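Treat the numbers as computed from the prediction; the structure is a model and nothing was measured. Every chain is numbered from 1, with letters handed out A, B, ... down the list of sequences.
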Amino acid sequence: MNKSLITKETILLDFEADSKADAVHRICAHLFLLKKTQDPSGLYRDIIAREEVVSTFAGTHTAIPHTISDYVDEPVLVFARLKDDDFTWNGNDEDVRFIFLLSAPKKDDLKKLRQSQSYVFSSIAQLLGQPKVLDLWLTTEDKQVVLDSLLQAIETNRTITI
Amino acid sequence: MSGNNLKVGVQSVGRFLSGMVMPNIGAFIAWGLITALFIPTGWLPNESLSAMVGPMITYLLPLLIGYTGGKMVGGERGAVAGAITTMGVVVGADIPMFLGAMLVGPLGGLAVKKFDEQVHGKIKPGFEMLVNNFSLGIIGMIVAILAYLVIGPIVEALTTALGNGVGAIVEMKLLPLVSILVEPAKILFLNNAINHGVFTPLGAAESAEFGASIFYLIETNPGPGLGILLAYMFVGKGTAQKSAYGASIIHFFGGIHEIYFPYVLMKPKLILAVIAGGMSGVAFNMITGNALVGPPSPGSVFALGLMSTKGLGILLTLASIAVAATVSFLIAAVMIRNDVEASDDLEAAQAAVAASKAESKGQGAPALSAESVRKIVVACDAGMGSSAMGASVLRGKVQEAGLDIEVTNAAINDLSDADIVITQGELTARAKAKLPGAQHYSIENFMDSGFYDNLVSKLV
């Protein structure tokens, strides 16, 4: 697995945002500060373009904005736990508590790229099905705890499904 | 096999063949226009540009058909295998290998598909690309050699046999009956082989003696094909009806008969209409003594007019086209209108192919059961986010239920093979258009556990 896919710097606890657009804006800006993207506006446009096709709200108070974009150089995953539960991702969805944002750079073989990134969200889906993990994510103040849970699941899935 | 099953089988085969040709009609049109314009007898003769004609009909068009046939069976990898395999029949033949491509293209796709099914989930991480590329190359090579050694000679033998059959009927002075062989042979793209291999030499001998020959007017008469296209235009529906207008122009004025063949393949019983049309045209020319002074090439109304004998010849030629077209049209129109079973829509035709595939495996009915479902694909726009989550949840539930069903995720654009496709409601129409043969389900969000529980309960 790419070691820089998710790091403590891309785990955001008590993340403040009041709408989908605001949340995506802030995450893109954060990735710019981390030098994960040179063009946060371009990345934002790509993510919103994907959202316009169909919402990425995944249930279980979780949104998973994701895009294949020219504006990142390597795959990056952001975990954001929202501080307040005062907005929905799309229309009448339930409120959002977690955002997982994944972006991967374009490659010639898109099908291969999609397959290679699928294990990330497969892992997240498995974790979302575990109430204990959800409790942990909701309450912990330690980024390392979240990071460990994700890394372990992602690594397991990567070796099984790819 | 019951009569009904036979009928369904013939229709499905016809639609499958048609499905290989239809996506490539644009290439046929390009070739047809280049031919009509630049060959020595064309409208703007040009030796340099006409050099494209031969390679296009010998290589490009069969390869496209083989590629599409492979894709219909084995997705993108199957398409490449289909093209490789088609080269096997193309290089060993003297005639354009359309029929050969329709046979071996799907065969190449099938070989790769079977291999992929065997190794699915067994390739070690990091070796996927190596295995994928080399397996495709090796399988393609083997099937291409098989096609070269076996399929090519079979198609050539079939062509020769048809030619001999036509020759025998001619010798027996039963000329109208020749349409019984000629028209089906045309539909299988053996038109040029029949025309140039049988009728042109016979016509040349006869016209050397009498100045004109009826043999030039048998395969080249655009009337039967025009009748089919007119019938689709007036009583057809869906994509076939809409595309028939343009096709009729290319066919009738451009002389590119290949355009109408897929329309017959879609409803194989229309062969009866073209046979009757062809017989009527030949009978008309026999009775009136009409003939052409040389071979019309391509078989357009203009070329036939130019090759008509002086005086009343052109009127008789036009009348023979009209007679053939009218007979073909009337029979085809009745058949198409009465056909309550099958839609003319090409997408429905593709769905029927998929359904017949299921039926051949003993699955058939749309009712869900573990036996009838071997692959479920959860699909979304990107194929790496929502669908991956959904597939993960469903895979767990399928395994818990002890079902032997493969669950994967994909981008809608990559959908190629699935018994069940699950998408978000907004995307279901796109998924249906991409894979009409599968059963489609819409889901609100991909983590909806209740939806998957319900689906699995139907499968158990």
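- S387(B) contributes no side-chain N or O that, together with a main-chain N or O of A379(B), makes up a donor-acceptor pair within less than 3.5 Å.
- Below 4.5 Å, heavy atoms of chain B meet heavy atoms from R50(A), V53(A), all part of residues 40-53 of chain A.
- At a 4.5 Å heavy-atom cutoff, T62(A) makes no contact with chain B through either its backbone or its side chain.
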Apply ring pair (Phe, Tyr, Trp, His ring centres under 6.0 Å) to the pair F98(A) and F79(A), showing each step before the final yes or no.
CA-CA 7 Å; F98(A) 304 116; F79(A) 169 95; 5.8 Å; yes

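- A salt bridge does not link D148(A) with K8(A): none of the charged nitrogens is closer than 4.0 Å to a carboxylate oxygen.
- When G59(A), A58(A), S55(A) are compared by the number of non-hydrogen pairs under 4.5 Å with chain B, A58(A) comes out ahead.
- The candidate with the highest count of non-hydrogen atom pairs below 4.5 Å against chain B, out of A125(A), A104(A), P65(A), is A125(A).
- Of the two parts of N413(B), neither the backbone nor the side chain holds a non-hydrogen atom closer than 4.5 Å to a non-hydrogen atom of chain A.
- The existence of a salt bridge linking E117(B) and K114(B) is confirmed by a sub-4.0 Å separation between a basic side-chain nitrogen and an acidic carboxylate oxygen.
- Taking 4.0 Å as the cut-off between side-chain N and carboxylate O, K143(A) and E9(A) do not count as a salt-bridged pair.
- Closest approach of I412(B) and K434(B) over heavy atoms only: O-CG, 3.3 Å.
- Of the two parts of D381(B), the backbone and the side chain both hold a non-hydrogen atom closer than 4.5 Å to a non-hydrogen atom of chain A.
- Salt-bridge annotation for E76(B) and K71(B): present, with a side-chain N of the basic residue lying under 4.0 Å from a carboxylate O of the acidic one.
- Between D70(A) and K106(A) a salt bridge is recorded (basic side-chain N to carboxylate O distance below 4.0 Å).
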